[in-house]
Amino acid sequence: FQWRIIDIIPIVQELKNKFTAIQISPLQPIKDNGGEWWKLYQPCDLTIGNYLGTTEDLTKLTEECKKYNIEVYADLVLNHVAGANDGTIKPHEKVNPKLINKYFMKSTNRITNWKNRYEVINYSIGVPGLRTDNYDLQDIMIKFIENYIECGIKGFRIKKKKNIALP
């Protein structure tokens with residue numbers, strides 16, 4: 001958790017007798033580097049690369065892990081983007097503009113009833129929510145996930161999967 005990829009690579013051989021898989025923290029660009037863990041969960045884009053590592057670092061890690069039969073899983077944030085620092089539910093200025101449009105963004109209403117499915121998939125959690133039911137946004141998400149797979153990732157943990165809109 002919160003380990004830089006280049007710090008994991010040298011210890012992979014030590015992990016082989018203890019683990020068959022490891023999970024890495026989100027590698028999406030974020031609004032503020034370092035510090036508190038929660039900053040990793042306020043992404044500014046659906047791409048790979050932040051202070052924890054790059055696609056090149058990730059590929060090196062998965063290749064090293066493969067030598068010892070260790071699988072690598074990634075933590076992804078697909079349901080929301082970084083919020084502005086003013087307490088409103090609007091995107092931070094560093095959020096990629098291609099993600100900020102009326103078709104991709106959820107309502108700025110906050111979820112008040114977590115048992116109400118409509119609220120859970122259409123309202124926000126306190127940061128700007130992404131409409132996972134939008135096919136154009138899904139295409140961007142699929143490309144993002146494919147980039148991880150190309151780097152050798154075997155699986156994912158999806159943050160706030162309860163908020164994903166399904167039929």
Side-chain angles (χ1 to χ4, degrees), residues 1-83 91-101 104-106 121 125 127-167:
F1 190 70
Q2 283 187 280
W3 282 41
R4 293 181 327 152
I5 301 299
I6 61 171
D7 293 334
I8 301 171
I9 295 170
I11 65 163
V12 168
Q13 187 173 4
E14 296 172 37
L15 300 176
K16 72 177 181 178
N17 295 324
K18 298 176 183 176
F19 302 100
T20 58
I22 60 172
Q23 178 181 314
I24 58 168
S25 295
L27 294 180
Q28 295 162 251
I30 54 177
K31 65 180 183 179
D32 298 312
N33 286 337
E36 298 87 353
W37 65 268
W38 53 265
K39 291 181 179 180
L40 293 168
Y41 294 89
Q42 290 209 21
C44 291
D45 205 353
L46 295 173
T47 58
I48 300 171
N50 64 28
Y51 73 97
L52 295 180
T54 64
T55 55
E56 293 80 14
D57 298 333
L58 183 55
T59 300
K60 288 178 188 173
L61 173 64
T62 59
E63 288 172 354
E64 186 67 15
C65 285
K66 189 174 183 177
K67 294 177 190 175
Y68 302 101
N69 295 317
I70 298 173
E71 294 181 342
V72 182
Y73 295 83
D75 202 354
L76 302 183
V77 183
L78 300 175
N79 294 309
H80 61 270
V81 294
H92 190 273
E93 62 189 27
K94 290 184 180 178
V95 173
N96 187 329
K98 76 178 180 186
L99 298 178
I100 305 171
N101 70 58
F104 288 0
M105 303 302 295
K106 290 183 178 183
I121 63 171
I125 60 168
V127 291
L130 293 173
R131 295 205 55 88
T132 56
D133 59 344
N134 180 285
Y135 292 128
D136 293 328
L137 181 57
Q138 288 174 5
D139 289 342
I140 295 169
M141 292 177 177
I142 289 167
K143 179 66 176 153
F144 173 55
I145 291 169
E146 287 172 344
N147 288 340
Y148 266 101
I149 293 169
E150 289 167 5
C151 290
I153 290 294
K154 294 295 182 187
F156 304 95
R157 173 192 174 266
I158 308 295
K159 174 78 170 138
K160 295 283 184 200
K161 61 187 168 280
K162 180 178 184 175
N163 300 77
I164 294 175
L166 299 171

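For reference, positions follow the sequence shown, starting with 1. Quantities reported herein were computed from a predicted structural model and do not represent experimental measurements.
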Does a sphere of radius 6.0 Å around CZ in F19 hold more than 12 heavy atoms from other residues, nucleotides or ligands, not counting ones at 6.0 Å or beyond?
no
Evaluate whether atom NZ of K39 has more than 12 neighbouring non-hydrogen atoms of other residues, nucleotides or ligands under 6.0 angstrom away.
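Correct, the count exceeds 12.
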Within-4.5 Å side-chain heavy-atom neighbours: [X] and [Y]:
X: L52; Y: I24; answer: no
X: K16; Y: I70; answer: yes
X: D136; Y: F104; answer: yes
X: L78; Y: I158; answer: yes
X: D57; Y: L27; answer: no
X: I22; Y: C65; answer: yes
X: Y148; Y: L76; answer: yes
X: L46; Y: Q28; answer: yes

Straight-line distance of [X] [atom1] to [Y] [atom2], nearest 0.5 Å:
X: I121; Y: R131; atom1: CD1; atom2: CZ; value: 7.0 Å
X: M141; Y: E146; atom1: CE; atom2: CD; value: 13.5 Å
X: I140; Y: L130; atom1: CD1; atom2: CG; value: 9.5 Å
X: I5; Y: T54; atom1: CD1; atom2: OG1; value: 8.5 Å
X: Y68; Y: N17; atom1: OH; atom2: CG; value: 10.5 Å
X: E36; Y: Q42; atom1: CD; atom2: CD; value: 10.5 Å

Considering all heavy atoms, the nearest [X]-[Y] contact:
X: S25; Y: Q2; value: OG-N, 2.8 Å
X: Y73; Y: A21; value: CE1-CB, 3.5 Å
X: C44; Y: L99; value: O-CD1, 4.3 Å

Applying side chain to side chain donor-acceptor pair (under 3.5 Å), name anything that partners E93, two or more places apart in sequence or on another chain.
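Checked E93 against side chain to side chain donor-acceptor pair (under 3.5 Å); zero matches.
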With no hydrogens and no angle check, is any side-chain donor or acceptor of [X] less than 3.5 Å from a backbone partner on [Y]?
X: Q138; Y: T132; result: yes
X: N50; Y: P26; result: yes
X: K31; Y: G83; result: yes

Using the rule given for side chain to side chain contact (heavy atoms under 4.5 Å, CB included), can you reason through H92 versus V81, listing the C-alpha separation, both sets of side-chain angles and the distance that settles it, and then say yes or no?
CA-CA 8 Å; H92 190 273; V81 294; over 6 Å; no
State plainly whether the residues K67 and E64 are in salt-bridge range, i.e. N to O under 4.0 Å.
yes
With sequence neighbours left out, what residues match K66 under side-chain contact (heavy atoms from CB on, under 4.5 Å)?
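K66: no side-chain contact (heavy atoms from CB on, under 4.5 Å) contacts found.
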Passes side chain to side chain contact (heavy atoms under 4.5 Å, CB included), L40 versus Y51? Steps please.
CA-CA 10 Å; L40 293 168; Y51 73 97; 3.9 Å; yes
Which residue, I153, I48, L58, I142, forms the side-chain contact (heavy atoms from CB on, under 4.5 Å) with N147?
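Testing N147 for a side-chain contact (heavy atoms from CB on, under 4.5 Å) against I153, I48, L58, I142 leaves exactly one candidate, I48.
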